[in-house]
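Excluded from the calculations below are hydrogen atoms, water molecules and symmetry mates; all remaining heavy atoms, backbone and side chain alike, are included.
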Amino acid sequence: MAYSAMPAGTPAITPAQQLNDLFAAAYREYRPMVRNTIIGRLSQYGPVDTHLAEDLTQNTFLALYRYGDRIQYGTPRIGGLLRVMARQSIGHHYRLLRNQNEKPADTGHWSFSNREMGGTAAGYYFPAATGFRTADLGGAR
């Protein structure tokens, strides 16, 4: 069998190249729409954090890229899909945020942090027996 070179001409577009082209076109065309959708939804919860809006916009396009193998090349409905993904990214953010809320360990007054500490020979520290200094609290002795 003899070696034969491929004929000259336009190379065939691979599915990965189609996905990259589709993603780049969608990003250029729909990014403002996705960002405005997210800002509109975030404004319902109070003042809009623009950095959070940018993060959620990027998460939306990341979801589109992951979903990309199920999108047909040249489909006209990417805008609607992106709007739904944007709303879902906001919901995912706030749903997952409930597990990340920080709770302060010391809920007392800031002046209670001025406690005298006593030490031991072993190197441990414990609150001194005198308790809080009343002068720091603004009270009488």
Residues at least two apart in sequence or cross-chain that pass side-chain hydrogen bond (donor to acceptor under 3.5 Å, both in side chains) with Y65, listed by chain then number, are N20
By side-chain contact (heavy atoms from CB on, under 4.5 Å), L52 pairs with (sequence neighbours left out) L42, D49, L56, H93, Y94
For Q58 and Y27, the nearest pair of non-hydrogen atoms, with its separation, is NE2-OH, 3.3 Å
To the nearest 0.5 Å, atom CD of Q17 lies from atom CG of L22 at 13.5 Å
Exercise for review: Look at the side-chain heavy atoms of Ile, Leu, Val, Met, Phe, Trp and Tyr, link any pair under 4.5 Å apart, and say whether F23 and Y67 land in one connected group.
Suggested key: yes
With sequence neighbours left out, the residues meeting side-chain contact (heavy atoms from CB on, under 4.5 Å) with R28 are A24, A25
For I39, the side-chain contact (heavy atoms from CB on, under 4.5 Å) test, sequence neighbours excluded, returns R35, V48, A53
With sequence neighbours left out, the residues meeting salt bridge (charged side-chain N to carboxylate O under 4.0 Å, His left out) with R87 are none
When rounded to the nearest 0.5 Å, the distance separating CD of E54 from CG of N59 is 11.5 Å
For E29, the salt bridge (charged side-chain N to carboxylate O under 4.0 Å, His left out) test, sequence neighbours excluded, returns none
Taken in chain and number order and not counting sequence neighbours, the residues that satisfy salt bridge (charged side-chain N to carboxylate O under 4.0 Å, His left out) with R41 are none
Those residues at least two apart in sequence (or on a different chain) that pass side-chain hydrogen bond (donor to acceptor under 3.5 Å, both in side chains) with D55 are none
Sorted by chain and number, sequence neighbours left out, side-chain hydrogen bond (donor to acceptor under 3.5 Å, both in side chains) with S89 holds for T60
| field | Side-chain heavy atoms of L64 within contact of Y30, under 4.5 Å | value | no
Exercise. If Ile, Leu, Val, Met, Phe, Trp and Tyr residues are connected whenever their side-chain heavy atoms lie under 4.5 Å apart, and connections chain through other members, are V84 and I78 in the same group?
Worked result: no
Determine whether L62 and L82 fall in the same hydrophobic cluster, where Ile, Leu, Val, Met, Phe, Trp and Tyr are linked whenever their side-chain heavy atoms lie under 4.5 Å apart.
no
